[in-house]
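Here is the structure we will look at.
Every heavy atom of this structure was used, including side-chain atoms; hydrogens, water molecules and symmetry mates were not.
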Amino acid sequence: MNSLHIVMILASFGAAMAGVFVWRSIALRFDIVAIANNRSLHVGRIPVGSGIVFAVVWLAAIAFAYAAGWIGTSDFLALFIGGVVLAALGLHDDATDSPALTRLLVHIIVVTPGLVWIGGFPAIPVFGYTVDLGWFGYIIGLLAGLWMITLINFMDGVDGMLASGAIVISVAMGTFLHLEGDTVLSVLLYSLAAGLCGFLWFNWPPAKIFMGDAGSTFLGYVFCMLILITTREHPELFWVWMIVLGYFFTETTLTLVLRLMYLTTF
């Protein structure tokens, strides 16, 4: 990691913190707020949608990495275009509450070409064997992408919870990639963590702002693509991702099951 990488990480933190500060005023002015209900853990009207800030900051970082020749075109397209669309759709939903079916269709449209650009679901090691899913991997990859977007979105709305968890994930996997000698992806994950730290300054309990769908759906998509890209380059890291993301997987899956059980009893 050189001085340019360090500047990139620090700039991500500074830009995100300044951007969230400005966005809070914008959200309040245009009434882009989360209103507490019987399932909320906050009270009053909290500005929402600030995830667009760290999304834009990270997208700028990856655009810089591509311009510098650090990453290939296919990986850049998968991360950048999908990230732009989901951050924009998420911000629109934060402001106007888009229909669920519309969001699902857009998620499918975004995840599918992302999978094609990165070459589908990579082969993974299982008990000493390499499992290649072939064309079926695209179906698994699509379902995984939709689930990642959903489960990360579930975590939003609780003071500091999603941002702090995403920071831990980004730093942990950035460190593993650094140990593997993959400096570029490591720096990109550290830059994502830095941007999230700038946001967390305002989201720490009691939260003054929430990231909203603009940030949560963006993170879900980006994490999914990064899992597939890093697994393609470093197959052994697939299971490391599963362990690091274990809390998110467990909490959201259990929440969904309990909600379904609750609904079927009435």
Side-chain angles (χ1 to χ4, degrees), residues 13 16 34 39-42 46 48 50-51 54-55 58 79 83 86 90 107 111 121-122 124-126 140-180 185-186 188-207 209-231 234-262:
F13 172 75
R39 293 192 295 117
S40 300
L41 295 181
H42 68 279
I46 306 295
V48 72
S50 63
F54 62 73
W58 193 77
L79 291 166
L86 286 180
H107 294 169
V111 174
F121 202 97
I124 56 175
V126 180
I140 298 299
L142 175 60
L143 295 175
L146 296 177
W147 180 235
M148 280 292 295
I149 292 170
T150 301
L151 75 87
I152 297 293
N153 184 246
F154 274 178
M155 306 289 283
D156 188 31
V158 181
D159 299 9
M161 186 176 184
L162 176 54
S164 57
I167 290 168
V168 171
I169 292 167
S170 300
V171 171
M173 295 312 303
T175 301
F176 280 114
L177 285 162
H178 179 72
L179 294 173
E180 289 286 336
L185 288 174
S186 174
L188 287 175
L189 276 163
Y190 286 150
S191 296
L192 180 59
L196 285 163
C197 284
F199 161 77
L200 185 60
W201 183 272
F202 301 91
N203 184 239
W204 193 254
I209 200 165
F210 290 136
M211 68 172 67
D213 288 354
S216 60
T217 57
F218 168 82
L219 285 175
Y221 175 80
V222 166
F223 277 141
C224 180
M225 291 297 112
L226 286 174
I227 289 171
L228 300 180
I229 290 170
T230 54
T231 298
H234 313 279
E236 67 282 358
L237 289 185
F238 176 79
W239 298 111
V240 179
W241 274 106
M242 296 302 101
I243 293 170
V244 172
L245 281 161
Y247 169 70
F248 277 25
F249 290 147
T250 304
E251 196 276 342
T252 51
T253 301
L254 180 60
T255 299
L256 180 60
V257 170
L258 290 176
R259 284 186 182 181
L260 290 174
M261 291 175 62
Y262 175 80

Go through F210 and L162 one step at a time and tell me if the side chain to side chain contact (heavy atoms under 4.5 Å, CB included) criterion holds.
CA-CA 10 Å; F210 290 136; L162 176 54; over 6 Å; no
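- Taking every heavy atom of both residues into account, G195 and A16 meet most closely at O-CB, 3.3 Å.
- The two residues F199 and S50 make their nearest non-hydrogen contact at CE1-OG, 3.0 Å.
- Note: I243 CD1 to F176 CZ = 8.0 Å, rounded to the nearest 0.5 Å.
- Looking only at side-chain heavy atoms (C-beta outward), I169 and W241 come within less than 4.5 Å of each other.
- Looking at heavy atoms from C-beta onward, C224 lies out of side-chain contact with I149 at the 4.5 angstrom threshold.
- The nearest pair of heavy atoms linking L192 to S170 is CD2-OG, 3.7 Å.
- Y221 places no side-chain N or O within donor-acceptor distance of the main-chain N or O of M148, the cut-off being under 3.5 Å.
- Contact annotation: the side chain of I152 never approaches that of F218 to less than 4.5 Å [non-hydrogen atoms, C-beta and beyond].
- Interatomic distance, CZ of F121 versus CD1 of I227, reported as 8.5 Å (0.5 Å rounding).
- Judged by distance alone, the side chain of S164 and the main-chain N or O of M161 form a donor-acceptor pair under 3.5 Å.
- Here the CG atom belonging to L237 is positioned 9.5 Å from the CG atom belonging to L179, to the nearest 0.5 angstrom.
- When all heavy atoms of V111 and G145 are compared, the closest pair comes out as CG1-CA, 4.3 Å.
- Atoms CG and CG, on L200 and L196 in that order, are 8.0 Å from each other to the nearest 0.5 Å.
- A 6.0 Å sphere centred on CH2 of W147 holds more than 12 heavy atoms belonging to other residues, nucleotides or ligands.
- Expressed to the nearest 0.5 Å, how far OG1 of T230 lies from CD of E236 amounts to 9.5 Å.
- Two residues are said to be in side-chain contact when any heavy atoms from C-beta on lie closer than 4.5 Å; F238 and V126 fail this criterion.
- At least one side-chain heavy atom of M211 sits less than 4.5 Å from a side-chain heavy atom of L219.
- Closest non-hydrogen pair, S186 versus H178, comes out as OG-CB, 3.5 Å.
- Here the side chain of T217 pairs no donor or acceptor atom with the backbone of A214 at under 3.5 angstrom.
- More than 12 heavy atoms of other shown residues, nucleotides or ligands fall within 6.0 angstrom of atom CZ in F202.
- In H234, the NE2 atom is crowded: over 12 heavy atoms of neighbouring residues, nucleotides or ligands sit closer than 6.0 Å.
- You'll find the side chain of F249 reaches within 4.5 Å of the side chain of M242, heavy atoms only.
- Between M173 and V244, some side-chain heavy-atom pair lies under the 4.5 Å cut-off.
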